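Source: prediction; values computed, not measured. In what follows, every chain begins at residue 1, and chains take the letters A, B, ... in the order their sequences are listed.
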Amino acid sequence: MEILVCVKRVPTVGGRITLTGDGLGVDTRMSGFTISPHEECAVEEAVRITERLGGTVSVLTLGPESAIEQLRGALALGAGRAVLLETDGREYGPIATATAIASEIGSRAAAEPGYDLALFGNEASDTGDYQVGIRVAHLLGWPVVTGIKSLDVSADGVVARREYRGVEEAYSLPLPAVVTVKEGLNLPRYPSLPGRLRAKRAPVERVEIKDVSLPEGLRKTRLRVPEGGTHQATVLGEGVAAVPELVRVLDELGILS
Amino acid sequence: MKALVLLELEVPGDTAVDYQYPATGNPPQSSGTSLSAHADVTVTEASLRALGVGRALAGTGSLAAVVFGDADAGGGLPGVLAEHGVGDVYLVGSAVVAGYAPQAWARVIAGLIEETGATAVLAAATDRGNEVMAHLGAITGLPMAANCLSVSAPAPADGGYVITRQRWAGLLEEEAVLDAPVALLTVAAEAIPPTEADAPSGSGAPPEAAEVHRVVPDISGMAPSPGAVCAPAIPDGDLVVRAVESPVRDGGGGASLATARVVVGGGRGVGGADGFAPLEELASLLGGVVGVSRVVTSEGWRPHRQQVGQTGTKITPELYLACGISGAIQHIAGCSGAKHIIAINTDPGAPILAHADYAVIGDLHEIIPALVAAIRARSAAA
Ligand SMILES: Cc1cc2nc3c(=O)[nH]c(=O)nc-3n(C[C@H](O)[C@H](O)[C@H](O)COP(=O)(O)OP(=O)(O)OC[C@H]3O[C@@H](n4cnc5c(N)ncnc54)[C@H](O)[C@@H]3O)c2cc1C
């Protein structure tokens with residue numbers, strides 16, 4: 001099974017987000033970088049599948065040279081191969097990102113045994129566009145399903161499951177396919193020391209991006225941190241002594257009727 | 001301006017709508033509830049909010065809705081939709097697009113854009129809404145803006161639609177210009193206030209009911225249907241991916257998290273998997289469900305489907321009672337849509353207090369059982 005996992009380098013966000021002076025980006029001078037929890041689960045799932053069925057996990061990111069750090073993170077977890085679609089630091093929207101990734105998947109299929117399965121996070125934690133995996137699938141003519149929290153993969157195809165409004169939905173897809181996943185799919189492992197050492201030395205394939213046009217039809221003009229969380233709660237009291245007051249408030253809010 | 005809004009339906013007593021399979025197509029694999037069996041299907045709250053944004057965008061133009069379901073879906077639906085300002089409703093017969101098939105749904109909507117000349121298509125930013133709209137973006141080659149909070153009609157000076165949308169699951173807001181012949185938007189329903197149904201517009205009387213147009217997509221091997229308004233062709237490939245629905249296996253619970261009226265939240269302060277019984281008891285007493293923080297799911301104390309937050313579920317209850325939860329921004333991203341928040345926490349300096357209306361300072365292991373006892377005593381006395 002040849003599996004491609006696509007990840008995105010994003011700032012690690014702690015207690016609050018600080019913007020850059022021009023209001024167009026997140027100030028990352030004090031923060032590290034990571035990938036989203038959805039993508040961590042995608043990497044873990046791919047490693048588990050190849051442990052069972054054989055094959056290789058390739059991890060791919062579209063981003064600046066510094067995104068090699070995130071590729072090495074995935075290599076340390078068991079990915080065998082890493083590909084950087086190197087950008088010049090400009091922001092790629094979902095259409096350009098999908099075009100570049102689909103072209104890389106297509107060119108690999110032409111030259112080598114192609115990928116059987118491409119995994120993505122359901123959405124990137126920074127831009128939250130919810131569409132790159134689907135656009136890649138359309139460009140390749142592959143079936144796609146999103147938001148998956150349980151995955152059974154065999155040589156014949158995948159059965160992917162998710163919940164929606166209290167109902168379980170199961171999808172059967174032939175391979176090759178695109179599946180976008182969510183946190184909860186599995187509990188990702190921590191990298192082992194040998195894994196980290198191997199990742200440090202592993203080669204990273206760098207691919208030049210061709211034929212994408214920037215910017216896209218959706219153009220960011222400004223970011224802002226929404227207000228809220230500035231007031232202070234009314235403290236009803238301490239410990240069990242506050243329970244009668246709590247009951248009164250619940251009643252007042254109409255919760256007890 | 002002509003706006004088309006994709007609506008999701010809700011059948012009472014059933015948490016999701018099931019679709020009938022065609023007699024000639026694939027065999028029924030789901031329980032096959034027919035919409036027509038339920039006269040009282042309603043539009044989901046999230047879809048109504050998306051409809052509100054669509055109505056504001058359409059302004060004096062026209063507002064249409066597209067619904068996937070049985071052709072005689074919920075007798076009252078066209079009337080209800082008219083109250084919300086909808087002039088035309090496009091009903092896509094489930095006997096043809098069997099089951100939820102995101103790519104086929106998007107293909108039908110692409111056909112409706114042509115048919116109606118719609119210049120904006122909106123849906124609630126649910127799992128399905130985002131999925132169908134992303135397919136629509138891929139099919140049409142148009143950009144799609146997810147999780148919008150507002151959108152204004154394009155003015156020449158702006159170069160397109162001016163939108164605000166969520167990034168970082170709502171921790172940031174983005175202002176952007178969407179320059180496209182047809183705007184594809186999903187609406188972050190839990191972050192915008194519910195909109196009142198349109199009052200009858202000043203001059204003319206409101207229409208009795210939205211005009212119903214039956215849409216019967218053209219699928220190879222199926223007989224063409226008479227009387228259908230438009231027949232977008234559905235390539236076989238669009239029907240490869242479709243849902244087979246069944247009840248959630250291990251009990252559900254988190255399933256109704258998104259729509260629960262009361263959510264009792266438990267975090268690290270609960271202390272372990274066996275600490276949740278009093279929270280469960282309180283939740284059922286209040287007609288609600290339990291939700292948890294990410295610490296709780298990554299410790300394996302509770303299944304991930306109960307997680308509230310950026311990478312869990314976004315909730316919109318009347319009351320969120322957050323117990324032993326610090327209030328990290330990734331958690332707040334999932335509960336800021338709650339109407340009221342009450343925190344129970346040992347730490348008066350916990351960040352959750354800056355988002356809560358009320359707080360009780362103390363140990364949840366003492367307070368929750370006492371609260372359960374007090375509520376029981378109260379209802380016994382009544
Ligand atoms: C990309 C990303 C995505 C994330 N997504 C989510 C998400 O979807 N949902 C989510 O919840 N988190 C998410 N997180 C994690 C988040 O940052 C916090 O780590 C997490 O929410 C903390 O959980 P907690 O409040 O239960 O634990 P803590 O932060 O450890 O807080 C425990 C609280 O319990 C109180 N307490 C302890 N004992 C008691 C007691 N006996 N009685 C009363 N109070 C007590 C303490 O005072 C403290 O306030 C995400 C993080 C990242 C980086």
Quick check on [X] against chain B: is it the side chain, the backbone, both or neither that has a heavy atom closer than 4.5 Å?
X: A:Arg162; answer: side chain
X: A:Leu223; answer: both
X: A:Glu183; answer: both
X: A:Thr180; answer: neither

query: Would you call A:Glu169 and B:Arg128 a salt bridge, taking side-chain N to carboxylate O under 4.0 Å as the test?
result: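 Salt bridge between A:Glu169 and B:Arg128, a charged N being under 4.0 Å from a carboxylate O: yes.
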
task: Could you tell me whether A:Lys220 and B:Glu174 have a side-chain N and a carboxylate O separated by less than 4.0 Å?
output: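 No, no charged N to carboxylate O under 4.0 Å.
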
Heavy-atom contacts under 4.5 Å, [range] to chain B:
range: residues 129-149 of chain A; answer: A:Asp129, A:Tyr130, A:Gln131, A:Ile134, A:Arg135, A:His138, A:Pro143, A:Val144, A:Val145, A:Thr146, A:Lys149
range: residues 245-252 of chain A; answer: A:Leu246, A:Val247, A:Val249, A:Leu250, A:Asp251, A:Glu252
range: residues 91-100 of chain A; answer: A:Glu91, A:Ile95
range: residues 31-48 of chain A; answer: A:Pro37, A:His38

Among [options], which has the most heavy-atom pairs under 4.5 Å with chain A?
options: B:Ala370, B:Ala382, B:Ala343; result: B:Ala370
options: B:Gln330, B:Arg378, B:Glu173; result: B:Glu173
options: B:Ala183, B:Pro102, B:Ala134, B:Gly327; result: B:Ala134
options: B:Glu366, B:Glu318, B:His340; result: B:His340
options: B:Thr297, B:Leu142, B:Thr164; result: B:Leu142
options: B:Asp357, B:Ile163, B:Ile375; result: B:Asp357

Can you check whether [X] reaches [Y] side chain to side chain, under 4.5 Å on heavy atoms?
X: B:Asp179; Y: A:Leu218; result: no
X: A:Leu173; Y: B:Val240; result: no
X: A:Arg165; Y: B:Glu10; result: yes
X: B:Leu286; Y: A:Leu256; result: yes
X: A:Val26; Y: B:Trp168; result: yes
X: B:Ser246; Y: A:Val167; result: no
X: B:Leu172; Y: A:Leu19; result: yes
X: B:Thr126; Y: A:Tyr164; result: yes

CG on B:Asn130 to CD on A:Glu123, rounded to 0.5 Å: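 Going from the CD atom of A:Glu123 to the CG atom of B:Asn130 covers 8.5 Å.
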
Spatial distance of atom CD (A:Glu238) from atom CG (B:Asp363) [nearest 0.5 Å]: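 Answer rounded to 0.5 Å: 12.5 Å.
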
Which atoms of [X] come close to chain A, meaning under 4.5 Å heavy atom to heavy atom: side chain ones, backbone ones, both, or neither?
X: B:Gln103; answer: side chain
X: B:Val360; answer: both
X: B:Ala356; answer: both

Quick one: closest heavy-atom pair of [X] and [Y], and the distance?
X: B:Leu353; Y: A:Gln232; value: CB-NE2, 3.5 Å
X: A:Pro226; Y: B:Gly170; value: CG-O, 3.4 Å
X: B:Asp127; Y: A:Lys182; value: OD1-NZ, 3.2 Å
X: A:Gly128; Y: B:Asn147; value: O-ND2, 4.3 Å

message: Can you tell me which of A:Leu185, A:Ile17, A:Val240, A:Asn122 forms the most heavy-atom pairs within a distance under 4.5 Å of chain B?
response: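 Looking at each of A:Leu185, A:Ile17, A:Val240, A:Asn122 in turn, A:Ile17 comes out on top.
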
Heavy-atom pair count under 4.5 Å with chain B, highest-scoring of A:Ser172, A:Gly14, A:Ala242: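 Top count of heavy-atom pairs under 4.5 Å with chain B: A:Gly14.
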
